[in-house]
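Data block below; observations after.
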Amino acid sequence: MATRSSLALLSLFTLVVGNIENPLCYAHESKLGISGKYPMVVSTWPFKEAVRAAWSAVDGGLNAVDAVVEGCSACEELRCDGTVGPGGSPDENGETTIDAMVMNGVTMEVGAVAAMRYVKDGIRAAKLVMQRTKHTLLVGEQASAFAISMGLPGPMNLSSLESREKWTTWKENHCQPNFRKDVVPADNCGPYHLKNNMDITEGEYSDFNQIRIFQPSMSHVGLDNHDTISMAAIDKMGHIAVGTSTNGATFKIPGRVGDGPIPGSSAYADNEVGACGATGDGDIMMRFLPCYQVVESMRLGMEPQLAAKDAIARIARKFPDFVGAIFAINKKGVHAGACHGWTFQYSVRSPEMEDVEVFTVNP
């Protein structure tokens with residue numbers, strides 16, 4: 001017989017689901033059997049080769065951390081979608097930089113690098129931060145210097161012929177679209193300065209914020225220019241880890257760091273509960289720590305499908321035009337996905353599968 005507390009919790013979950021509106025994608029859910037559910041690998045997008053690399057590692061006996069490093073590293077080498085690894089997503093100056101993170105769900109240790117220049121191996125640099133320092137995040141040229149000092153190759157130019165051509169075309173188009181707002185350029189491509197009419201008195205500040213928060217997100221965020229590999233692995237011991245890698249948003253303002261290296265935003269893992277991975281408009285999503293939200297919701301008893309949909313709904317209520325997606329997996333091997341603003345696909349490899357399978361989450 002259900003207890004009063006369990007009924008109250010069920011009512012709360014029902015209320016949350018009832019507020020999830022049509023623009024959200026439907027979540028797919030799959031459950032493995034009780035026996036033989038490990039190892040397992042889940043990744044954003046149809047990055048099959050990356051998942052195969054992670055699966056080979058974890059099925060061969062490596063731990064979950066090493067598996068996600070191998071998987072994300074494969075994606076960096078393959079330059080998945082031009083949005084992972086070197087050679088893609090130039091910033092306003094035409095330079096490619098790397099954001100990456102790895103998290104151990106057993107120890108809750110995290111290593112991450114952000115806006116890293118001159119070093120192509122983002123996920124391996126992140127692992128070195130976790131293993132060889134007491135820090136969580138290193139950034140910029142100092143992250144590069146650390147990675148090189150630990151034996152990673154560099155310094156090197158992370159641009160490619162494709163990224164340089166993309167940047168040149170963008171410059172010829174007067175540097176549009178871009179991530180600036182409420183400023184005007186002295187020339188077509190800057191430098192930028194404040195508009196004269198941007199002065200806001202103290203009394204107007206509250207109303208101004210209320211208007212700004214509901215502005216649509218940028219229309220040029222999409223599959224071809226704003227993406228991340230976010231991967232979770234469960235090893236043969238049932239231990240969970242996550243990893244991410246991205247070269248960020250195309251034509252970002254130099255120095256910009258997205259959600260990729262932020263624990264709880266692009267990915268999160270807790271061995272007691274499960275894991276989550278995210279992709280999309282990181283500038284919006286990182287304000288909500290959606291993967292932390294997913295894991296904590298699952299800790300309270302939500303199934304992955306509901307937890308993923310709820311986390312996406314929280315963002316959509318504030319930013320109805322944002323683009324993003326989440327996969328969730330609990331420690332039992334149940335996985336699901338949810339999205340907003342685009343069709344999302346995520347990849348899975350488990351013992352019951354002969355090869356990587358791609359699951360589509362439709363609008």
Side-chain angles (χ1 to χ4, degrees), residues 37-81 83-88 98-107 109-113 116 119-132 143 147 150-154 158 227-247 260-261 263 266-269 271 274-279 327 329 333 335 346-351 353-358:
K37 58 180 178 285
Y38 306 141
M40 190 170 187
V41 178
V42 184
S43 171
T44 52
W45 306 117
F47 296 150
K48 291 185 177 181
E49 291 303 318
V51 175
R52 288 181 183 123
W55 173 260
S56 178
V58 75
D59 192 46
L62 293 185
N63 61 49
V65 169
D66 288 338
V68 297
V69 169
E70 291 303 313
C72 291
S73 181
C75 215
E76 291 170 346
E77 292 292 330
L78 293 168
R79 304 184 179 187
C80 290
D81 281 357
T83 60
V84 180
I98 304 291
D99 296 343
M101 181 192 73
V102 62
M103 181 174 188
N104 186 334
V106 179
T107 65
E109 292 175 293
V110 175
V113 292
M116 186 172 69
V119 176
K120 66 181 179 62
D121 298 300
I123 191 68
R124 297 193 188 280
K127 181 185 176 185
L128 285 167
V129 173
M130 184 177 73
Q131 291 187 326
R132 304 303 177 194
M150 291 291 101
L152 292 181
L158 301 186
D227 204 1
T228 304
I229 180 171
S230 185
M231 176 178 284
I234 307 177
D235 62 28
K236 290 184 175 181
M237 298 296 293
H239 297 159
I240 304 174
V242 291
T244 67
S245 185
T246 180
N247 51 43
S266 66
Y268 197 73
N271 223 53
C276 167
T279 182
F327 73 75
I329 177 172
H335 61 83
Y346 68 98
S347 302
V348 180
R349 180 70 162 92
S350 67
M353 301 173 180
E354 294 183 0
D355 196 4
V356 179
E357 294 185 12
V358 177

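Any value given below was found using the heavy atoms of this structure, including those in side chains, with hydrogens, waters and symmetry copies removed. Note that the structure is predicted; figures quoted are calculated from it, not measured. This chain uses plain numbering: 1 for the first residue, then up along the sequence.
A salt bridge is absent between E76 and R124: the closest approach of a Lys/Arg side-chain nitrogen to an acidic carboxylate oxygen does not fall below 4.0 angstrom. A salt bridge does not link K48 to D355: none of the charged nitrogens lies less than 4.0 Å from a carboxylate oxygen. Salt bridge R52/E70: absent, no basic N to carboxylate O contact under 4.0 Å.
Nearest heavy atoms, A67 versus A54: O-CB, 3.3 Å. Taking all atoms of both residues into account, the shortest heavy-atom contact from V242 to C276 is CG1-O, 4.1 Å. Considering every non-hydrogen atom in both V110 and M101, the closest pair reads CG1-CG, 3.8 Å. Between D235 and A64, the shortest heavy-atom distance links the atoms OD2-N, 3.1 Å. Across all non-hydrogen atoms, the minimal contact from T246 to G260 is CG2-CA, 4.4 Å.
The closest side-chain heavy-atom distance from V348 to V356 is not below 4.5 Å. Annotation: side chain of M103 is not in contact with side chain of V65 (no heavy-atom distance under 4.5 Å). At least one side-chain heavy atom of K120 sits under 4.5 Å from a side-chain heavy atom of L158. Annotation: side chain of R79 is in contact with side chain of P86 (closest heavy-atom distance under 4.5 Å). Proximity of I229 to S245: side-chain heavy atoms (C-beta onward) are separated by under 4.5 Å at one or more points. Side-chain atoms of V58 and V41, non-hydrogen and from C-beta on, do get closer than 4.5 Å to each other.
Interatomic distance, OG of S73 versus CG of D121, reported as 6.0 Å (0.5 Å rounding). Here the SG atom belonging to C72 is positioned 12.5 Å from the CD atom belonging to E77, to the nearest 0.5 angstrom.
The side chain to side chain contact (heavy atoms under 4.5 Å, CB included) test applied to V106 returns N104, H239, N271, not counting sequence neighbours.
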I'd like to know whether R132 forms a side-chain contact (heavy atoms from CB on, under 4.5 Å) with M150, so could you lay out the CA-CA distance, the side-chain angles of the two residues, the decisive distance to 0.1 Å, and finally the verdict. CA-CA 9 Å; R132 304 303 177 194; M150 291 291 101; 4.1 Å; yes
Test salt bridge (charged side-chain N to carboxylate O under 4.0 Å, His left out) on K127 and D66; report intermediate values, then the result. CA-CA 9 Å; K127 181 185 176 185; D66 288 338; 2.6 Å; yes
Take V113 and V129 through the side-chain contact (heavy atoms from CB on, under 4.5 Å) test and state the conclusion after the steps. CA-CA 8 Å; V113 292; V129 173; 4.0 Å; yes
Before you tell me yes or no, could you show the steps for H335 and M40 under side-chain contact (heavy atoms from CB on, under 4.5 Å), namely the whole-Å CA-CA distance, both residues' side-chain angles and the distance that decides it to 0.1 Å? CA-CA 10 Å; H335 61 83; M40 190 170 187; 3.4 Å; yes
Test log, rule side-chain contact (heavy atoms from CB on, under 4.5 Å), inputs F47 and D81: CA-CA 9 Å; F47 296 150; D81 281 357; 3.5 Å; yes
Derivation of the side chain to side chain donor-acceptor pair (under 3.5 Å) call for S347 and W45: CA-CA 6 Å; S347 302; W45 306 117; over 6 Å; no
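Aromatic ring pairs are classed by plane angle as parallel below 30°, tilted from 30° to 60° and perpendicular above 60°; the pair Y346 and F327 is parallel.
Judged by distance alone, with hydrogens and angles left aside, the side-chain atoms of T228 form no donor-acceptor pair with the main-chain N or O of S230 at under 3.5 Å.
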